[in-house]
Amino acid sequence: MAEGRHPLVVVSHGSGGSAFGHADTAMALARRGYVVAAVHHRGNAFDDDRDAGTERMWRKRPAQLSVTLDHVLAEPDLAGRLDGERVGALGFSAGGYTVLVAAGGVAELARIAAHCRTPPAGERFCHLGNEETPARIEARDPRIRAAVLMAPVGVPFSKDGLAGVTIPVRLYRAERDEQIAASQPEDLRDRLPVPPEYKVVRDAGHFAFLMPVPAAIAAEVGLPARDPPGFDRAAFHERLNAEIADFFDRALAIERQGR
């Protein structure tokens, strides 16, 4: 590891996903001087998805993110090399929900059931199954100072529930998202007390934010490897990774020599 104290970014994958799903973004951040820790959400990952759609899933995710931060910041091999005052978080889909709760949002799970009684046409979010529960999830982690949300689950958050999210946020919506209706990120954009940096990715599907999948294993990976016709995921990630690194540089007040 290079000398000095480095900023840290923690990554939260989507429901049924993997800690490796954003590896190219993690490597791009590492090349810019960040240490990156990717959570593997046990109970809601590709190899163990028993909690999908349940109250346990929504409750455990933010706790798992915070435990990951605890572990990385206490890791002896990293002692003295991490700057605990410059911590960002990046989340995709259910990972966006996870990051919002850790950033100070209060999730009301009853809002999911209400949304799914009459879901927007074409939105697959509700097809995953969601347990009806009145639970409220509150698990702010004050160490997180900036957040990137990519096609996030926004339904659980009211305007009041987002009042505690006062850190800088960059928010992405996929124009042709088949999993998360446009209203979910748009409502977050309008409800966050500090207006986020907001970007609509033209022609992108929901899974465009996952790292590009080699053609040889695309069939095995299935839906997460597919994009709408004409969308170039690799070219998009060249831009996305640079934008995310630039955002964290600004939000965490990181100066780069020679830039």
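In what follows, residues are counted from 1 in the order of the sequence shown. Here the structure is a predicted model, which is why all the values come from computation and not from measurement.
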Discussion item. Tell me the closest heavy-atom pair linking Val221 and Pro224, and the distance in Å.
Written reply: O-CD, 3.4 Å

Worksheet item: Can you tell if the side chain of Pro119 reaches within under 4.5 Å of the side chain of Arg124, non-hydrogen atoms only?
Response: no

Worksheet, complete the sentence: Applied to residues 47-91, the ring pair (Phe, Tyr, Trp, His ring centres under 6.0 Å) test, sequence neighbours excluded, yields Trp58-Tyr97

Worksheet item: Are Leu65 and Val106 linked, directly or through other ILVMFWY residues, by side chains that come within less than 4.5 angstrom of each other?
Response: no

Worksheet item: Judged by atom type as modelled, is there a donor-acceptor pair below 3.5 Å linking the side chain of His6 to the main-chain atoms of Gly33?
Response: yes

Discussion item. With clusters defined by side-chain heavy atoms of hydrophobic residues (ILVMFWY) lying less than 4.5 Å apart, directly or transitively, does Leu210 cluster with Phe231?
Written reply: yes

Fill in: From CD1 (Ile167) to CG (Leu252), nearest 0.5 Å
9.0 Å

Item to complete: Over all heavy atoms of both residues, which pair between Val36 and Ala30 is shortest? Give the atoms and the distance, please.
Response: CG2-N, 4.4 Å

Fill in: Least distance between heavy atoms, Met57 atom then Ala52 atom
SD-CA, 3.8 Å

Practice prompt. Going by the side-chain hydrogen bond (donor to acceptor under 3.5 Å, both in side chains) test, name the single residue among Gln64, His13, Lys60 that passes it with His41.
Written response: Gln64

Worksheet item: Just by distance, do the side chain of Glu175 and the backbone of Asp203 share a donor-acceptor pair under 3.5 Å?
Response: yes

Worksheet item: Do Asp246 and Arg32 meet the salt-bridge criterion of a basic N to acidic O distance under 4.0 Å?
Response: yes

Worksheet, complete the sentence: In terms of heavy-atom contacts, Ala139 and Pro62 come closest through CB-CB, 4.0 Å

Worksheet item: Taking C-beta and beyond as the side chain, do Arg189 and Arg173 meet within less than 4.5 Å on heavy atoms?
Response: no

Practice prompt. Quick one: pull up NE2 in His237 and CD in Glu243 and give me the separation to the nearest 0.5 Å.
Written response: 11.0 Å

Item to complete: Nearest 0.5 Å please: distance from the CG atom of Asp249 over to the CD1 atom of Ile244.
Response: 12.0 Å

Item to complete: May I ask you to say whether Arg143 pairs ionically with Glu85, meaning some side-chain N is under 4.0 Å from a carboxylate O?
Response: no

Fill in: Minimum heavy-atom distance between Ala235 and Asp232, given as atom pair plus value
N-OD1, 3.0 Å

Discussion item. Side-chain heavy atoms nearer than 4.5 Å, only ILVMFWY residues, links allowed to pass through others: does that put Leu149 and Val200 together?
Written reply: yes

Worksheet item: In terms of hydrophobic clusters joined by side-chain contacts under 4.5 Å, are Val201 and Val213 together?
Response: no

Discussion item. Checking side-chain hydrogen bond (donor to acceptor under 3.5 Å, both in side chains) between Ser93 and each of Gln179, Gln184, His206, which is the one that passes?
Written reply: His206

Item to complete: Return yes if some donor-acceptor pair links the side-chain N/O of Arg170 with the main-chain N/O of Phe247 below 3.5 Å, else return no.
Response: no

Item to complete: Kindly indicate whether the side chain of Leu192, heavy atoms from C-beta on, has any atom under 4.5 Å from the side chain of Phe157.
Response: no

Discussion item. Show, in sequence, the C-alpha distance, side-chain angles and deciding distance for Val39 and Thr98, and conclude whether the side-chain contact (heavy atoms from CB on, under 4.5 Å) test is met.
Written reply: CA-CA 11 Å; Val39 186; Thr98 305; over 6 Å; no

Worksheet item: Is the shortest distance from a Lys or Arg side-chain nitrogen in Asp187 or Lys159 to a carboxylate oxygen in the other one below 4.0 Å?
Response: no

Discussion item. Let me check something: do Ile180 and Tyr198 share a hydrophobic cluster, defined by ILVMFWY side-chain heavy atoms less than 4.5 Å apart, either directly or through other members?
Written reply: yes

Discussion item. Using only atom types and a distance under 3.5 Å, with no angle test, would you say the side chain of Arg176 pairs donor to acceptor with the backbone of Pro228?
Written reply: no

Discussion item. Less than 4.5 Å apart, side chain to side chain, heavy atoms only: is that true for Asp47 and His40?
Written reply: yes

Worksheet item: Is it true that Glu197 and Arg250 make a salt bridge, defined as a side-chain N closer than 4.0 Å to a carboxylate O?
Response: yes

Practice prompt. Evaluate the side-chain proximity of Val153 to Ile112: yes if any heavy-atom separation is below 4.5 Å, no if none is.
Written response: no

Worksheet item: Are Glu178 and Phe207 close enough that some pair of their side-chain heavy atoms sits under 4.5 Å apart?
Response: yes

Worksheet entry | Candidate pair Arg111 and Ser158, rule side chain to side chain donor-acceptor pair (under 3.5 Å), full reasoning | CA-CA 9 Å; Arg111 293 176 60 87; Ser158 66; 4.9 Å; no

Practice prompt. On the 0 to 90° scale, with breaks at 30° and 60°, tag the Phe236-Phe209 ring pair as parallel, tilted or perpendicular.
Written response: perpendicular

Worksheet item: Counting N and O atoms only, with roles assigned by atom type, does the side chain of Arg233 sit under 3.5 Å from a partner on the main chain of Arg226, one being a donor and the other an acceptor?
Response: yes

Discussion item. Is it the case that the side chain of Arg145 and the backbone of Gly88 share a donor-acceptor pair, with hydrogens and angles ignored and the cut-off at 3.5 Å?
Written reply: no

Worksheet item: Which atoms form the tightest heavy-atom contact between Asp24 and Pro212, and what is the distance?
Response: OD2-CD, 3.8 Å

Worksheet item: Taking side chain as C-beta onward, heavy atoms only, is Tyr34 less than 4.5 Å from Arg86?
Response: no

Practice prompt. Determine whether Val101 and Arg61 make a side-chain contact, defined as any pair of heavy atoms from C-beta on separated by less than 4.5 Å.
Written response: no

